Amino acid sequence: MLEKMKTILAEQLNCDEDMITEDTSFKDDLGADSLDLFELIMALEEEYEIEIPADDLTDLDTVGSVIEYLKSKGIDA
């Protein structure tokens, strides 16, 4: 799942896939602002065919936290 996340993030945030790990912070490491994060969530919802409620977004601050969130929703790809 990390490799797929790297591809999505690199495309959405115009960054190098090699700098992305599970510990990567969207804001601190990738410089994402609120609009970037909104677009990223939209891309993830489309890719994985799920809806991510706004209340859940506050806990999704690293790549690993998003992967764990997706896994908790039954997504394992």
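Just so it is clear, the model here is predicted, and its values are computed rather than measured.
- Between E47 and K4, the closest side-chain pair of non-hydrogen atoms falls below 4.5 Å.
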Step-by-step side-chain contact (heavy atoms from CB on, under 4.5 Å) determination, I52 to L57: CA-CA 8 Å; I52 302 173; L57 298 179; 3.6 Å; yes
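- Shown here for E17 and A10, the closest heavy-atom pair between the two residues is CG-CB, 3.5 Å.
- Remark: side-chain polar atoms of D36 are not paired, donor with acceptor, to backbone N or O of A32 under 3.5 angstrom.
- Side-chain contact, D56 with Y69: a donor N or O sits under 3.5 Å from an acceptor N or O.
- Between the CD1 atom in I8 and the CD atom in E46 there is a gap of 10.0 Å [rounded to 0.5 Å].
- In this structure, E22 and I67 approach most closely via the heavy-atom pair CG-CD1, 4.2 Å.
- Cluster annotation: F38 is not connected to L9 through the hydrophobic network of ILVMFWY side chains, with a link wherever side-chain heavy atoms come within less than 4.5 Å.
- A 4.5 Å side-chain heavy-atom check between V66 and L44 finds at least one atom pair inside the cut-off.
- Residue M1 holds its CE atom at 5.0 Å from OH of Y48, rounded to the nearest 0.5 Å.
- How far CG of D61 is from CG of D29: 10.5 Å, rounded to the nearest 0.5 Å.
- The minimum heavy-atom distance between K27 and L37, with the atom names listed, is CE-CD1, 3.6 Å.
- Nearest approach of F26 to L40, heavy atoms of both residues: CE2-CD2, 3.6 Å.
- For the atom pair CG of L2 and OG1 of T24, the computed distance is 8.5 Å after rounding to the nearest 0.5 Å.
- To the nearest 0.5 Å, the span separating OG1 on T21 from CE on M5 amounts to 11.5 Å.
- Remark: C15 SG to I20 CD1 distance equals 4.0 Å, nearest 0.5 Å.
- Checked by atom type and distance alone, the side chain of D16 never pairs as donor or acceptor with a backbone atom of M19 at under 3.5 Å.
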